Protein chains: 2
Amino acid sequence: MEHQPKKKATIYDLSVLSGSSPSTVSAVLNGTWRKRRIKESTAELIRDLADQHQYTANLQARGLRSSRSGLVGLLLPVHDNRYFSSMAQSFEAHVRSRGQCPIVVSACRDPEEERRTVETLISYSVDELIVAGATDPDGVHAVCIGSGLKHVNIDLPGSKAPSVISDNYQGARMLTEAIIRHFSEDLKLGPDELYLFGGRDDHASRERIRGFRAIKRELMQGDSDKCIEPTGYSPNMAQIAFERFYEREGKLPRGLFINSSINFEGLLRFMAQHPNEAFMDIVVGCYDYDPFGSFLPFPVIMIRQDIEGMITKAFEIMAESRPSVQTYLIQPELVPPRTALKGPLDAIKDIA
Amino acid sequence: MEHQPKKKATIYDLSVLSGSSPSTVSAVLNGTWRKRRIKESTAELIRDLADQHQYTANLQARGLRSSRSGLVGLLLPVHDNRYFSSMAQSFEAHVRSRGQCPIVVSACRDPEEERRTVETLISYSVDELIVAGATDPDGVHAVCIGSGLKHVNIDLPGSKAPSVISDNYQGARMLTEAIIRHFSEDLKLGPDELYLFGGRDDHASRERIRGFRAIKRELMQGDSDKCIEPTGYSPNMAQIAFERFYEREGKLPRGLFINSSINFEGLLRFMAQHPNEAFMDIVVGCYDYDPFGSFLPFPVIMIRQDIEGMITKAFEIMAESRPSVQTYLIQPELVPPRTALKGPLDAIKDIA
DNA sequence: CATTTTTGCACAATCGATGGTGCAATGAAT
DNA sequence: ATTCATTGCACCATCGATTGTGCAAAAATG
């Protein structure tokens, strides 16, 4: 495990070796040397020495001096689902293409943890930050503002910083309509057979519920409060909600709008407790796309949010000098059952 | 967006305000003040001022001085699948519980990118590093060694640093046996009906292939090279392999061992092109667990690798002063069809 | 009261890189 | 041969925290 923990070379080492001053070495190695009128030959000498000795800059030192770091952060609620992990994947690609270093951290939907984590990132002089699905975006904003950190909300909007989110209302309308239309005329769905499960009191859930109700009233002439079951974002709570419904009604609603893939996992847990027959006539719409979810034994219609689009827009906004505090809506896409979409992984070359 | 970008308070600011020296302030705020015999009352004064002014240490400065950072890194091949995103989730929990800051980065299975990324992490004086599923673990090792960075390989072993991996051989035996036994006596599977798809020439794939063949010979008295189709780790290549097989044989093999959930996505893409009837008599075993995958319309048996166990072991090893370069095998678990396991997300409280 | 010990803290060097400023040597212009 | 402009680089302060050392004042000891 250990060998020569030869201390890393610094500009001082190279300065001695090359007979130039540290500032010259620094200038040569960070690219500002032309501006400093360093001779081509001097530069060359130093560059040679640098890679002979495998010099790499100490980025903490650089960051300390310049109060920038070359780091770009992505704050996630959680890693462990396809929506957010795709987001991480797209994010990384973007940041790398700009020559910076992406770092991804999650804060477990805990407002306190969100703020603490961002504090830490700030302490490392992170240059920019994308705040995804934060429980308390404005709390995070307050922390960022104190240090002038550029940031954009994504997925869930805040009121103090620019936000890029899915058009949840439209998406929910599309999804709900698709569920309804998936039933043939003779097996037509009634208003009290179409339920929404999952989500909580955040902007996305509210908009989705609004869209769900609107289209329900338009197409089925009916809706009621009992058709909405917010369960929070946990598989467990969702499962419990399904179990309770099933006990009460002896079956699941034939039309099911599930607020997120995380909540969908609650349905999986429910399924594990019941035979496939309980799901034969069911149609599920899920507001999130998961490739495996798309092929379950009953029709699953999904919404794929345009993650690429959101990330791209977010970076555009951060590039502006004085971005306006507004919320940009990105259109999501309806995914019919049994569909395997390409994802960010397809951009990666496989060396086989 | 902008308000008072009031510069962050430093120990110098607090030193002026409190009438003590910067070193005293530093000692009070980093906990070493008892050792320095600072009066309780002085300490209290400084602490009060500190949170009045929302002081937080500049971690780049601290890191520069102490050449440590409080950061712990996880290097992933990719984010976007449940195996690695679960790993990220578990990793974060571990690191946070130790009071450090987790950072997760991916390197796209590109050896060059792996090394570059680790270089960057080192430049930030990351304290420890877990290298997961690296394409070139020994290359990464070489970079780490140069700077004395503690690191452990996980998922794929290296020859120069301690490694913690799944017992892929045993896992593959379990999985293969489960596939075989899933067929009833009268529909018994023949040796040429059981294929392995996916993976490439890495340690994990080789071991899985070895386990697959061993049990195949034991239970079916037969095996052949044409039953193995390595496709690399990409959905696309796997899809192509399935298509080719299907064209050649007119059907898929009834028994299918898929090397990873990423390759499984190749099967999904294939499925999207063919009606469900093509899969009625199929049994799939997948070396990776994905909750949605477990509920597909045909029996899917999965292997769940013990991610928690691997992470825990990895941190144990890094805690040793002089860890021995060996490979630790962690037993994976067989997951029967239609099973929804709890995951790292269940540890997160939901505020509903 | 004189001396030793302890308490409580200040000083200053240091980590590695950056960037403003200044100055000698060279070449050009008069 | 002077004067002036340009070239090519060195010097030094700085970013914010850590830590070894030193020293006065207070307390303990004789």
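Small disclaimer: the values here were computed from a predicted structure and weren't measured. A, B, ... follow the sequence lines: proteins, then strands. Residue 1 opens every chain.
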When the distance from [atom1] of [X] to [atom2] of [N] is rounded to whole Å, what number comes out?
| X | N | atom1 | atom2 | answer |
| --- | --- | --- | --- | --- |
| E44(B) | dG8(C) | CD | P | 15 Å |
| R68(A) | dA17(C) | CZ | C1' | 14 Å |
| W33(B) | dT7(C) | CH2 | P | 14 Å |
| K35(B) | dT7(C) | NZ | C1' | 17 Å |
| L29(B) | dC9(C) | CG | P | 14 Å |

*Hey, which of L49(A), T56(A), D51(A) is the one that makes side chain to side chain contact (heavy atoms under 4.5 Å, CB included) with H53(A)?*
L49(A)
*Which of these, V118(A), V140(A), V152(A), sits in a side chain to side chain contact (heavy atoms under 4.5 Å, CB included) with V131(A)?*
V140(A)
*Test ring-ring contact (aromatic ring centres under 6.0 Å, His included) applied to F315(B) - qualifying residues, sequence neighbours left out*: H94(B)
*asked:* Whether N30(A) contacts dA17(C) is assessed here as follows: a side-chain N or O lying under 4.0 Å from the phosphate OP1 or OP2. Is that the case?
replied: no
Distances for protein N or O near nucleotides 13-16 of chain C N or O, under 3.5 Å:
{"residue": "dT14(C)", "atom": "O2", "partner": "R65(B)", "partner atom": "NE", "Å": "3.3"}
{"residue": "dT14(C)", "atom": "O2", "partner": "R65(B)", "partner atom": "NH1", "Å": "3.0"}
{"residue": "dC15(C)", "atom": "O2", "partner": "R65(B)", "partner atom": "N", "Å": "3.3"}
{"residue": "dG16(C)", "atom": "N2", "partner": "A61(A)", "partner atom": "O", "Å": "3.2"}

*With no hydrogens and no angle check, is any side-chain donor or acceptor of K313(A) less than 3.5 Å from a backbone partner on I165(A)?*
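Pair absent, no side-chain N/O of K313(A) close to backbone of I165(A).
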*Report yes or no: does S324(A) contribute a side-chain atom to a donor-acceptor pair with the main-chain N or O of Q326(A) at less than 3.5 Å?*
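Such a contact is absent between S324(A) side chain and Q326(A) backbone.
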*Which stems, defined as runs of 3 or more consecutive Watson-Crick or G-U wobble pairs with both pairing distances under 3.5 Å, involve DNA chain C?*
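So far as stems of 3 or more pairs are concerned, DNA chain C shows C:1-30 with D:1-30.
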*Below 4.0 angstrom, N of the basic side chain to O of the carboxylate: do E113(A) and R116(A) qualify?*
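Salt bridge between E113(A) and R116(A), a charged N being under 4.0 Å from a carboxylate O: yes.
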_E320(B)/K150(B) salt bridge by N-O under 4.0 Å criterion_ = no
_Check this for me: R68(B), atom CZ, are more than 12 non-hydrogen atoms of other residues, nucleotides or ligands nearer than 6.0 Å?_
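Atom CZ in R68(B) is not packed in, count stays at 12 or less.
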*Hey, could you give me each pair passing ring pair (Phe, Tyr, Trp, His ring centres under 6.0 Å) that has a residue in residues 101-125 of chain B? Not counting sequence neighbours.*
none
*asked:* A side-chain contact here means heavy atoms from C-beta on lying under 4.5 Å apart; do I46(B) and L29(B) qualify?
replied: yes
*Just jot down the salt bridge (Lys or Arg N to Asp or Glu O under 4.0 Å) partners of R34(B), sequence neighbours excluded, or say none.*
E40(B)
Under 3.5 Å, which protein N or O atoms sit close to an N or O of nucleotides 8-10 of chain D? Give each pair with its distance.
{"residue": "dG8(D)", "atom": "N7", "partner": "R37(A)", "partner atom": "NE", "Å": "3.1"}
{"residue": "dG8(D)", "atom": "N7", "partner": "R37(A)", "partner atom": "NH2", "Å": "2.8"}
{"residue": "dG8(D)", "atom": "O6", "partner": "R37(A)", "partner atom": "NH2", "Å": "2.9"}
{"residue": "dC9(D)", "atom": "OP1", "partner": "T42(A)", "partner atom": "OG1", "Å": "2.6"}
{"residue": "dC9(D)", "atom": "OP2", "partner": "K39(A)", "partner atom": "N", "Å": "2.4"}
{"residue": "dC9(D)", "atom": "OP2", "partner": "T42(A)", "partner atom": "OG1", "Å": "3.2"}
{"residue": "dA10(D)", "atom": "OP1", "partner": "G19(A)", "partner atom": "O", "Å": "3.3"}
{"residue": "dA10(D)", "atom": "OP1", "partner": "S21(A)", "partner atom": "N", "Å": "3.4"}
{"residue": "dA10(D)", "atom": "OP2", "partner": "S21(A)", "partner atom": "N", "Å": "2.7"}
{"residue": "dA10(D)", "atom": "OP2", "partner": "S21(A)", "partner atom": "OG", "Å": "2.9"}
{"residue": "dA10(D)", "atom": "OP2", "partner": "T24(A)", "partner atom": "OG1", "Å": "2.7"}
{"residue": "dA10(D)", "atom": "N6", "partner": "R36(A)", "partner atom": "NH1", "Å": "3.3"}

